[in-house]
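For reference, positions follow the sequence shown, starting with 1. Please read these numbers as outputs of a predicted model, since none were measured by experiment.
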Amino acid sequence: MITPSNADIIEQTANFVRHTLRDAEGGHDWWHIHRVWTNAKLIAQIESCDTLIIELAALLHDIADSKFHNGDEEIGPATAGEFLKSIAIDEETIIHVQQIIRHMSFKASFNKAVFHSKELAIVQDADRLDAIGAIGIARAFTYGGFKAREIYNPNIPPNLNMTKEEYKSTTAPTINHFYEKLLLLKDKMNTETGKKLAQQRHSFMESYLAQFYSEVH
Ligand code: ADP
Ligand code: NI
């Protein structure tokens with residue numbers, strides 16, 4: 001029996017993800033996955049880790065996001081698991097990739113973390129980098145538009161003490177999301193490389209907000 005190389009496995013996975021996400025919302029589409037995959041490979045060059053796990057988890061992390069599936073948080077890990085099984089990936093790898101998908105989202109940080117791995121730390125940083133900076137701003141307003149949210153409403157202040165359920169069901173203006181999530185990410189980065197990259201993107205969001213208010217007021 002010929003065993004497929006890691007490069008073949010990754011190519012098959014990328015094809016599956018590109019196809020599955022062909023109609024996805026612009027902030028959670030193939031190009032978001034592609035950027036996270038690129039960021040993850042960059043961080044993985046510097047930190048020691050299992051690169052196959054990293055690439056598979058980066059590619060599959062948003063394969064079925066709960067916010068587009070009635071809040072179902074198991075549909076992502078289940079879809080990823082079925083696909084990996086269909087291409088004959090070993091059980092241990094599948095379980096690790098599923099654990100990463102389950103634990104990497106910002107929502108998941110409301111739960112007490114019960115799983116840690118170097119690979120989770122790296123893919124989570126790669127995903128967080130795509131939520132901040134110029135790209136992060138574009139993604140937030142794309143998602144806000146998709147959900148028909150207001151851009152800004154001075155009468156609705158950000159809620160910094162949301163429960164997980166409130167976070168999942170909020171309909172607040174998109175500017176609030178900067179305070180509720182985006183500006184908090186730089187202090188949540190796991191890796192040294194991630195921290196450095198986040199700092200610059202964070203400063204850019206701060207200048208963006210300063211300009212935003214100078215135009216509004
Ligand atoms: P996760 O899926 O990692 O738990 P989110 O759903 O908060 O976390 O984030 C994914 C991305 O979707 C965010 O970085 C942001 O771009 C966008 N997004 C999610 N919720 C909102 C929101 N309320 N307002 C604007 N953008 C949002
Ligand atoms: Ni993502």
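- No hydrogens or angles considered: nothing links the side chains of Q99 and S117 as a donor-acceptor pair under 3.5 Å.
- Evaluation of the side-chain contact (heavy atoms from CB on, under 4.5 Å) rule for S207 yields no partner, not counting sequence neighbours.
- Only one option out of E119, K118, H96 pairs with D50 in a side chain to side chain contact (heavy atoms under 4.5 Å, CB included); it is E119.
- For the pair E82 and K85, the salt-bridge criterion is not met [side-chain N within less than 4.0 Å of a carboxylate O].
- Two rings, from H61 and H103, have their centers 6.0 Å or more apart.
- The main-chain N or O of T163 is found under 3.5 Å from a side-chain atom of E166 such that the two form a donor-acceptor pair.
- Here K186 pairs with A198, Q199, H202 under the side-chain contact (heavy atoms from CB on, under 4.5 Å) rule; sequence neighbours left out.
- Annotation for D90: atom CG counts as buried by contact number, over 12 foreign heavy atoms lying within 6.0 Å.
- With sequence neighbours excluded, no residue satisfies ring-ring contact (aromatic ring centres under 6.0 Å, His included) with H177.
- Taking the six-membered ring where tryptophan is involved, the planes of H217 and Y213 are essentially parallel, since the angle between them stays under 30° and well short of 60°.
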Item to check | Residue pair R149, Y143: steps toward the side-chain contact (heavy atoms from CB on, under 4.5 Å) verdict | outcome: CA-CA 9 Å; R149 305 265 166 84; Y143 185 78; 4.1 Å; yes
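- Electrostatic pairing of E73 and K168 counts as a salt bridge here, judged by a charged N lying under 4.0 Å from a carboxylate O.
- Between Y152 and F212, the angle of the ring planes goes over 60°, which puts this pair in the perpendicular group of the 30/60° scheme.
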